[in-house]
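Step one of this worksheet: look at the structure below.
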Amino acid sequence: MLGLLVLLSLFAGRLFQLQGLDATAYADEAAAGRLRTQVLHAERGTITDRNGVALATSVDAVDITTDQTKVADPAAEARALAPVLGIDVATLQQRLTGTRRFGYVAKAVTPQQWHRATRLDLPDTVGLPGIYGVKTSKRVYPGGETGANIVGYVGAEGNGLGGLEYALDSTLAGRDGTATYELSAGGRRIPGADDSERDAVPGRDVRLTIDRDIQWVAQQSIAKAVKATSAQSGTVIVMDPHTGDLLAMATVPTFDANHPGSAPAAARGNRALTEPYEPGSTGKVITASALLEEHRITPETPITVPNRYCRAGKCFKDFEDHGTEHLTYAGTIAKSSNIGTIKAAERLGNLKKLYPYLDRFGVGHPSGLGLPGETRGALPKPSTWSATSGYTMAFGQGYSVNTVQMASVFATIANNGVRVAPRLIAGTTSDDGTLEPAARSASRRVISPGTARTVRLLLETVTSKGGTAPLAAVPGYRVGGKTGTAQRFNPSCGCYRGYTMSFIGLAPVDKPDLVVAVTLQAPRSAIGGGVNAGPVFKEVMSFALEAQRVPPTGTKPPGLQIQRR
Amino acid sequence: MKAAATTAPARPATGARPGPPRPRLALVPPMAAHAPKAPFVVLVAMLLLAGLGGLLFLHTALAEDSFRLHDLQVRSAKLADREQALEQEVSLDASPRVLARRAEALGMVRSENPAFIRLSDGRILGKPKAGVAPPPPTPSPSASGSPAPSAPAAPSASPSPSGGSGPTPGGRD
């Protein structure tokens, strides 16, 4: 009787301890067993072209992981998985064999592949033991190489590492959220139980000014030219001079943004911005603008061009030897005579008067596009100029630019003398999902509309029969442009070695809507900017005119005199 | 004892109060009929049962919804995956690279010069010119049969315009 009493007292005591004293701890432990906290990944914003075509987008994917200690038969499981994952059996078997509790079998496979993998059975098991799926997301670039150097790429963790993916990472990334809820043994959510959720904030979408189709044509065309001339690199820029919108910015060599690791670092940057070069003869348009704006010359002004012209202890020559020629000023542009340009520039009185024009056209100033690694080029201050600086700068040597800056010079002339800063981003989506257009680019008058019109007529002579680039002409259209074959400064030897060949032009001359700039760096088998860059210009300009629906104006060129009568 | 003595004189005082005749007190007879207890008990029991039943039903319904939710979520996820996969396929097929390759396989060529028709007066702007097929890289049997009539496949096979066909007039830049 007493024994029973003691026993019951003990039970009562224990009951009190469990229910009264430790109850909360046990309840918490139980809840913790059911509670799951899940990170809700914020979806990275997409990058689209100007028409909303995706250039970079995120899709769901699954990382397949393994607990090697739970894998019963690595060989059999590898054989079953191989056809689903498209990985060979030996590699898979190696990844499944061992004693590690965690390892990756395959990263970022499609959800379909994972569904199929979960339905695989071995003869004596249901499902594959030791194989797990972890939800993740994968960045895909439907264009592959198209626009890769602009859009950039992401790293293994999904963070931007190159191009706009890097520059706009904070806009695109968004903020991860969390969800906490109780899960039954069967993996279903227990209704009515505690749960809390902090929603993920998706990243914003970014719309570029790029037109994917023009970008593709530009990239194809420059790739062909780079191959044909064994050039080190090449770039093409297509620009709307009125808005500053870059419709295409193609560079070669390039890379597939889906597999950035398989390309050298040099191919992943954006050479149109990172590579400074001396523009050469394309720079003569700045000299022409200065002369016309200061009323020192007209297209008909006669200029006698000898074979050699010595100034400040240095004798200048043209690209090819020639006898003394009697040209008009238009003729010196059409034939791209260095001596003719120097003689014309001397009419400024002081060659340092070129500096404000170079400066106002944007030489030496950053483009403002915000892509990583941009060079602003170099424009020496007049106080540091040597005796010959003014002469070489008149024909585009002695200062450096990137291709975007040079395209912008021609866009200023195309836009009747008003420089509209180039831009690459058309807008971003706001919180409510609507597109918020980017601010209009800053614009500034550089030369008068009359000067711009006259410069364009000078440029038209370049693509005419007597000019340096008849191959750049687009039949049916009035096209103006300027060839450039500049000596290329090589930083590794500190000397001039090789050439930069370029053609930059606009169309239609009397009402320009498009500017296309083509640059070939260090071509090994090339003749000149007109012959090698001209056809690329023609192909890209033709396509861009068609794509942007710019009809010919139907006017007749005035037919400026090139040779003096 | 003392208390009795103190209260005792009060009684005669009350009794001696003058006034209306005191009403006669009589015992109320006990209630004749007791209300039957059974219906109340049954009512409470029924309410209890109904409450329990309701609770059970609610729980079952919730649980069932949870199952349904889970199944539907799985289905929705699968459909979303499928949609995404199909979208990727479409965007790949719509990419310029694939379109250009398919068009070339059909014997199409790029137009040489852009040209427009003005609808107001039917004028043709620009200089339209039939595209020229580039020379086939290798004589493949599949390509030989396909050239469209619009593309006069020139057998003379002039290389692309970039082949430096023209001399460089005044190439001095």
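In what follows, chains are A, B, ... by sequence order, proteins preceding strands, each numbered from 1. Predicted model only: the values in this text are computed from it and were never measured.
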Against chain A, label B/Arg110 side chain, backbone, both or neither, depending on which of its atoms sit under 4.5 Å from a heavy atom there.
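Side chain only.
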Proximal component of B/Glu87, with respect to chain A [non-hydrogen, under 4.5 Å]:
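B/Glu87 has no heavy atom closer than 4.5 Å to chain A.
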Partner set under side chain to side chain donor-acceptor pair (under 3.5 Å) for B/Ser111, not counting sequence neighbours
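Result, side chain to side chain donor-acceptor pair (under 3.5 Å) vs B/Ser111: A/Glu546.
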Contact origin within A/Val550 toward chain B - heavy atom pairs under 4.5 Å
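A/Val550 touches chain B through backbone heavy atoms alone.
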What part of A/Ser464 gets within 4.5 angstrom of chain B, counting heavy atoms only: side chain, backbone, both, or neither?
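Neither the backbone nor the side chain of A/Ser464 comes within 4.5 Å of chain B.
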Sort out for me which of A/Thr110, A/Val59, A/Leu545 touches chain B most, counting heavy-atom pairs under 4.5 Å.
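Of A/Thr110, A/Val59, A/Leu545, A/Val59 has the most heavy-atom pairs under 4.5 Å with chain B.
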When heavy-atom pairs shorter than 4.5 Å are enumerated against chain B, which of A/Pro475, A/Gly554, A/Gly476 gives the highest number?
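Of A/Pro475, A/Gly554, A/Gly476, A/Pro475 has the most heavy-atom pairs under 4.5 Å with chain B.
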Partners meeting side chain to side chain contact (heavy atoms under 4.5 Å, CB included) with B/Ala103 (sequence neighbours left out):
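Listed in chain order: B/Met108.
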Testing A/Thr483, A/Thr485, A/Val518 one by one against A/Met501 for a side-chain contact (heavy atoms from CB on, under 4.5 Å), which residue passes?
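Passing option: A/Thr485.
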Of all the heavy-atom pairs spanning A/Asp318 and A/Ser337, show the shortest one and how long it is.
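Heavy atoms of A/Asp318 and A/Ser337 come nearest at OD2-OG, 3.2 Å.
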Do the side chain of A/Asn258 and the main chain of A/Tyr141 share a donor and acceptor less than 3.5 angstrom apart?
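At least one qualifying donor-acceptor pair exists.
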